[in-house]
Amino acid sequence: MGNTSWTSVSHFVLLGISTHPEEQIPLFLLFLLMYTINTSGNFALITLIISAPRLHTPMYIFLSNLALADICFTSTTVPKMLQNIFSPTKAISYLGCLAQTYFFICFAAMENFLLAAMAYDRYIAICHPLHYPRFLTGRLCAWVVAVCHVLSHLHALLHTLLMGQLAFCAENRIPHFFCDLYPLMKISCTSTYLNTLMIHTEGVTVIAGALAFIVASYACVISAVLQIPSAHGKWRSFSTCGSHLSVVAMFYGTLTWVYFRPLSSYSVTKGRIVTVMYTVVTPMLNPFIYSLRNGEIKGSFRKWMNRMQTSFFR
């Protein structure tokens, strides 16, 4: 059968993380809790950044966009998974599956680009502090965020169009909790050579390019920090990067494990578990990682809470 846009399936069945009936309610409660923490935590972070004028700086502009991407990223997969846990059919339409794939790739790529932009922000702030206001203007930040959005949508469109060219002849059961690339390619009855090629060329270039940029930025940051004479000064300068590095390690560590490997060696069982890390756990932890180690955010949060209490008891 040649590679064609024809498909004989009208829907897919998302088997979820587990097929054991006794595990469904604990999984539902666990993922509902994580999703609630994710959306409320990231929404609170966005609200705080918008309401605090002292946080209207490039770093927090990028951070607020990252928080928005985290909400959208998790909302692409988790609500449908929660619905399917108690659904007798666990079905998702063919077009719904492609739409889920598109937005999943889009928001994953957006996080990728925004993490690179935040690394550049830390590079300018530490290596060229006197030129920070001149190098990172509000106009440049808006331009960078816009480019992140455009590139993310183009990246998602490419892979989704290629996925739409695959045919699914008989098997429509996806052993995953959402329409991910590799599980879909595993059940296709046509050649996935072009899809795999694009993942390992364009996809790797997008991910590895951003990661290389982050590594290069922090290599310069470390070099600049080591030239600071006092230990306190070194710690103070580098501590502003710790939260960002933690998120980078979690996001890229799990992402590369899943996609930077041949399709033949992809394990659906292991892939499901690792995918949960960067689709649910990392977005849930991001607002806490960035808030608990950031004095400006904690100070703005205390002022915000004081204003809320004053308004409430007035």
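We number each residue from 1, following the sequence as shown.
- Placement of Ile37 and Leu68 in two distinct hydrophobic clusters is found when ILVMFWY residues are connected by side-chain heavy-atom separations under 4.5 Å, directly or transitively.
- Here CH2 of Trp257 is found 8.5 Å from CD1 of Ile273. Values are rounded to the nearest 0.5 Å.
- The SG atoms of Cys220 and Cys127 do not sit under 2.5 Å apart.
- Using a distance-only test at 3.5 Å, with no hydrogens or angles considered, a donor-acceptor pair links the side chain of Thr256 to the main chain of Gly253.
- Remark: Cys148 SG to Met110 CE distance equals 8.0 Å, nearest 0.5 Å.
- His128 and Tyr123 share a donor-acceptor pair across their side chains, judged by distance under 3.5 Å alone.
- Counting non-hydrogen atoms of other residues, nucleotides and ligands closer than 6.0 Å to CZ of Phe43 gives a total of 12 or fewer.
- A donor-acceptor pair is defined here as one N or O able to donate and one able to accept, closer than 3.5 Å; such a pair exists between the side chain of Gln24 and the backbone of His20.
- Remark: side-chain polar atoms of His149 are not paired, donor with acceptor, to backbone N or O of Val144 under 3.5 angstrom.
- Side-chain atoms of His244 and Tyr218 include a donor-acceptor pair closer than 3.5 Å.
- Cluster membership check: Leu166 shares its hydrophobic cluster with Leu98, using side-chain heavy-atom separations under 4.5 Å among Ile, Leu, Val, Met, Phe, Trp and Tyr.
- A distance of 14.0 Å separates CG in Leu66 from CD1 in Ile61, rounded to the nearest 0.5 Å.
- In the model, Asn172 has no side-chain atom that pairs as donor or acceptor with a side-chain atom of Tyr94 under 3.5 Å.
- Connection of Leu55 to Leu140 is established within a shared hydrophobic cluster, with ILVMFWY side chains joined at heavy-atom distances below 4.5 Å, either directly or through further cluster members.
- Using cut-offs of 30° and 60° for the angle between ring planes, the Tyr120 and Phe213 rings count as tilted.
- Of the inter-residue distances, the one linking Asn286 atom CG with Leu45 atom CG reads 9.5 Å to the nearest 0.5 angstrom.
- Remark: side-chain polar atoms of Thr160 are not paired, donor with acceptor, to backbone N or O of Leu157 under 3.5 angstrom.
- Judged purely by atom type and a 3.5 angstrom limit, Ser223 has no side-chain atom pairing as donor or acceptor with the backbone of Ala219.
- Looking at heavy atoms from C-beta onward, Tyr252 lies in side-chain contact with Ile214 at the 4.5 angstrom threshold.
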Quick one: do His153 and Tyr102 satisfy side chain to side chain donor-acceptor pair (under 3.5 Å)? Show the steps, please. CA-CA 8 Å; His153 283 282; Tyr102 175 85; 2.8 Å; yes
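- Remark: side-chain polar atoms of Gln83 are not paired, donor with acceptor, to backbone N or O of Ile85 under 3.5 angstrom.
- Panel note: side chain Thr74, backbone Thr279; a donor-acceptor pair is recorded below 3.5 Å.
- Distance alone, capped at 3.5 Å, is enough to place a donor-acceptor pair between the Thr190 side chain and the Ala167 backbone.
- Residue Trp143 holds its CH2 atom at 11.0 Å from OG1 of Thr137, rounded to the nearest 0.5 Å.
- Looking only at distances, no side-chain donor or acceptor of Asn38 sits under 3.5 Å from a matching main-chain atom of Met34.
- Interatomic distance, Phe103 CZ to Phe178 CZ, rounded to the nearest 0.5 Å: 15.0 Å.
- Between the side chain of Glu23 and the backbone N or O of Ser18, no donor-acceptor pair lies under 3.5 Å.
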